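Worth saying up front: this structure is predicted, and the values here are computed from it rather than measured. Nothing fancy with the numbering, it's 1 onward along the sequence. Below, each value reflects all heavy atoms present in this structure, side chains not excepted, and no hydrogens, waters or symmetry copies.
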Amino acid sequence: MVPGTVNELSAHDRMILDLEKAEHTSAARDALCRRIELPPDEYTIVLEGLVDTDAAYSYAPEVVDRVRHLRAERFAFERRHGRWKNPRS
């Protein structure tokens, strides 16, 4: 995790975490992306990086836990299906 405090989150970071806290639609996500000038295809990349910070966990622990859990499930699925093979094996 990257150390930090809630005060270190930008307004955009808070908006992303707030959107993830609420039940949202892709239309709401796209509207937020337009508002903060973030290309929609980069939203997930920003969110994934954001949840690896202490500041995000302090601000929205339920969002951080959910996103990390989904990421771990996705990686496990990829490994089970041979998409993450160890090049040394």
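A donor-acceptor pair under 3.5 Å links the side-chain atoms of Asp13 to the main chain of Ser10, judged by distance alone.
For the atom pair Arg29 CZ and Glu20 CD, the distance stands at 8.5 Å (nearest 0.5 Å). Taking CG of Leu9 as the reference point, atom CE of Met15 lies at 12.0 Å (rounded to 0.5 Å). Between the CZ atom of Arg71 and the CG atom of Asp52 there is a distance of 4.0 Å, given to the nearest 0.5 Å. The distance from atom CG of Asp41 to atom SG of Cys33, rounded to the nearest 0.5 Å, is 9.0 Å. To the nearest 0.5 angstrom, Phe75 atom CZ is 13.5 Å from Arg80 atom CZ. Between atom CG of residue Leu50 and atom OG1 of residue Thr44 there is a gap of 12.0 Å, rounded to the nearest 0.5 Å.
With contacts defined as side-chain heavy-atom distances shorter than 4.5 Å, the pair Arg66/Val63 qualifies. Taking the side chain as every heavy atom from C-beta outward, His12 and Leu38 never approach each other to under 4.5 Å. Arg74 places none of its side-chain heavy atoms less than 4.5 Å from the side chain of Phe77.
The heavy-atom pair separating Leu32 from Tyr43 by the smallest distance is CD2-CE1, 4.4 Å. Closest of all the heavy-atom pairs between Arg68 and Tyr57 is NH1-CD1, 4.5 Å. For the pair Ala56 and Val51, the tightest heavy-atom approach, listed with the atom from each and the gap, is CB-CA, 4.4 Å.
The number of heavy atoms from other shown groups lying within 6.0 Å of CD (Glu37) does not exceed 12.
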